[in-house]
Amino acid sequence: MYIRDIYEAVLVDTPCSQPKFLSYLHITVQYLISKYGMKYVVGQSSYVKPTSLDTDIPVDEMYFTALVDNIAYMVSKNEDRKVDFVEEAENAYRAVWSRVHGKGKFLARGYYDV
């Protein structure tokens, strides 16, 4: 995932400096890794703190909107963005989990449909 794309998506509603954005991006990715595990966030890649907008970050594409919403929340303190982040991160995790395990869809009740 290209970091500049995430930055531009955040800038649509919320002005943010590049250093602050990179810091918030790192905090968000670290949170996702600690909650869902390296395997489900970055896959087989290793994660290194981003230092430039012109690089790729090995986070699965499914987490794009979650990253944007959490960074926008950290900048603006808009609680709606945090609520959206939590839901989108959970949905992204379920989609990645299903793909990794080759199963059907992971349902909220903890079952999966094959």
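As the structure is a prediction and not an experimental result, all values here were calculated from the model.
Contact record, Ser45 with Met38: O-CG, 4.5 Å, taken as the closest heavy-atom pair. Minimum interatomic distance between Met74 and Thr28 (heavy atoms only, all atoms of both residues): CE-OG1, 3.0 Å.
Tracing side-chain contacts under 4.5 Å through hydrophobic residues (I, L, V, M, F, W, Y), one reaches Ile71 starting from Met1; they form part of the same cluster. Under the 4.5 Å side-chain contact rule for hydrophobic residues, Ile57 and Leu11 share a cluster. Cluster membership check: Val86 shares its hydrophobic cluster with Leu25, using side-chain heavy-atom separations under 4.5 Å among Ile, Leu, Val, Met, Phe, Trp and Tyr. Follow the hydrophobic side-chain contacts under 4.5 Å out from Val10 and you never reach Tyr2; the two are in separate clusters.
Within the structure, no pair that satisfies the ring pair (Phe, Tyr, Trp, His ring centres under 6.0 Å) test touches residues 53-77, not counting sequence neighbours. Counting only residues at least two apart or on different chains, no salt bridge (charged side-chain N to carboxylate O under 4.0 Å, His left out) pair has a member in residues 25-34. Applying the salt bridge (charged side-chain N to carboxylate O under 4.0 Å, His left out) test to residues at least two apart or on different chains, the pairs with a partner in residues 49-66 are Arg4-Asp54, Asp60-Arg99.
Scored by the side-chain contact (heavy atoms from CB on, under 4.5 Å) test, Ala89 finds Leu32, Tyr36, Ala66, Phe85 as partners (sequence neighbours excluded). Not a single side-chain hydrogen bond (donor to acceptor under 3.5 Å, both in side chains) links Asp84 to another residue, sequence neighbours left out. In this structure Lys39 satisfies the side-chain contact (heavy atoms from CB on, under 4.5 Å) test together with Val100, His101, sequence neighbours excluded. Listed by chain and residue number, His26 satisfy the ring-ring contact (aromatic ring centres under 6.0 Å, His included) test with Tyr47 (two or more places apart in sequence, or in another chain). Listed by chain and number, the residues in a side-chain contact (heavy atoms from CB on, under 4.5 Å) with Leu22 are Ile3, Pro50, Leu53 (sequence neighbours excluded). The side-chain contact (heavy atoms from CB on, under 4.5 Å) test applied to Asp80 returns Asn78, not counting sequence neighbours.
Summarising the geometry, atom CD belonging to Gln30 is positioned 7.5 Å from atom OG belonging to Ser34; distances are rounded to the nearest 0.5 Å.
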Can you give me every donor-acceptor pair (side chain of residues 12-21, partner residue at least two apart or in another chain, under 3.5 Å) with its distance?
| residue | atom | partner | partner atom | Å |
| --- | --- | --- | --- | --- |
| Asp13 | OD2 | Arg81 | NH1 | 2.5 |
| Ser17 | OG | Lys20 | N | 3.4 |

